[in-house]
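Everything on this sheet refers to the single structure shown next.
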Amino acid sequence: MRKPLFTGLAAAALATLPMAGASAQGNSYCNGMVQAASFYSTTDSTSTRSTVSYFVIVQSMVEQSLQIEVTFRDRRNIVIGGGSGPHGRRLGPWGTSQPIQLGVATLANPSGTGGLNVPTDLAAGTTITCRVLVRSGA
C-alpha cells in the first residue's frame, strides 16, 4: 500500500524545522569522544546586582580515560575577562561526566537577565581538546 504524498511532505517539512534549545545540548567534541551533556547557569543575587556563573557538563563517550582542555571565549564580552581556560581535566571512561565552570558575569540587576543565552552562547564559545590517556604497560 502506498503512503499518501502529503504524509511524506509533512514529515520532510517537520524534519527541517529547528529544535529550540536542543541544538546545543549534546554537542560533540574531539571526533565524538566527548559530549557536552548540558550547558547551564546559576545566579546569586543581591538587591541591586546578580552574579551569574556559567557551566558545561562534559561526558566521556569512549572506553578510555581522557585528558581534556576546555576553553570558553565570550563573543559578547559579558563574562569577566572575556572567557576562561584552558581548564585541564581528567575524564574517566564511558559515561563519566563532570561540570566545568566556563565563566562568571556580574550584572547590574538582581534577576540575572541580560547575560549570555544558555545554551546558545555557551555552545558557540566552548572548545574542547582531548588526548587519550594510555595506561603504562598496556
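Heavy-atom minimum distance, Gly112 versus Thr43: CA-CG2, 4.2 Å. Here the closest heavy-atom approach between residue Ser47 and residue Pro110 is recorded as O-CG, 3.7 Å. Scanning both residues, Val56 and Ala36, for their nearest heavy atoms gives CG2-CB, 3.8 Å. The two residues Ser53 and Val104 come nearest to each other via the heavy atoms OG-CG2, 3.9 Å. Listed here is the closest heavy atom pair of Met61 and Gly32: CB-O, 3.3 Å. The two residues Thr113 and Leu107 have their closest heavy-atom pair at O-CD1, 3.7 Å.
Legend: residues meeting ring-ring contact (aromatic ring centres under 6.0 Å, His included) with Tyr29, ordered by chain and number and at least two apart, are absent. With sequence neighbours left out, the salt bridge (charged side-chain N to carboxylate O under 4.0 Å, His left out) criterion links Arg89 to no other residue.
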With side chain to side chain contact (heavy atoms under 4.5 Å, CB included) as the criterion, how do Leu91 and Gln98 come out once you've worked through the C-alpha distance, each side chain's angles and the decisive distance to 0.1 Å?
CA-CA 8 Å; Leu91 190 60; Gln98 64 177 273; 3.9 Å; yes

### Task
Determine, step by step, whether Val70 and Thr126 satisfy the side chain to side chain contact (heavy atoms under 4.5 Å, CB included) criterion, reporting the C-alpha distance in whole Å, the side-chain angles of both residues, the deciding distance to 0.1 Å, and the verdict.
CA-CA 7 Å; Val70 178; Thr126 299; 4.1 Å; yes

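The main-chain N or O of Val79 is found under 3.5 Å from a side-chain atom of Asp74 such that the two form a donor-acceptor pair. Judged by distance alone, with hydrogens and angles left aside, the side-chain atoms of Ser50 form no donor-acceptor pair with the main-chain N or O of Ser111 at under 3.5 Å.
In this structure, CD1 in Ile100 is found 6.5 Å from CD1 in Ile128, a value given to the nearest 0.5 Å. Rounded to the nearest 0.5 Å, atoms CD1 (Ile68) and CZ (Arg90) are 11.5 Å apart. Rounded to the nearest 0.5 Å, atoms CD (Gln59) and CH2 (Trp94) are 7.5 Å apart. With rounding to the nearest 0.5 angstrom, the CD atom of Gln101 is 7.5 Å from the OG atom of Ser84. Leu122 contributes atom CG, which lies 7.5 Å from atom OG of Ser41 (distance to the nearest 0.5 angstrom). Distance check, rounded to the nearest 0.5 Å: CG of Asn117 to CZ of Phe39 gives 13.0 Å.
In the hydrophobic clustering of this structure, Met33 groups with Val58; members are Ile, Leu, Val, Met, Phe, Trp, Tyr whose side-chain heavy atoms approach within less than 4.5 Å, directly or through other members. One hydrophobic cluster, built from ILVMFWY side chains closer than 4.5 Å, holds both Ile78 and Leu102. Cluster membership for Ile57 and Val118, using ILVMFWY side-chain heavy atoms within less than 4.5 angstrom, is not shared. Both Val62 and Val132 sit in one connected hydrophobic cluster of ILVMFWY residues. Membership requires side-chain heavy atoms under 4.5 Å apart, directly or through other members.
Considering only heavy atoms from C-beta on, Arg73 stays 4.5 Å or farther from Thr127 through its side chain.
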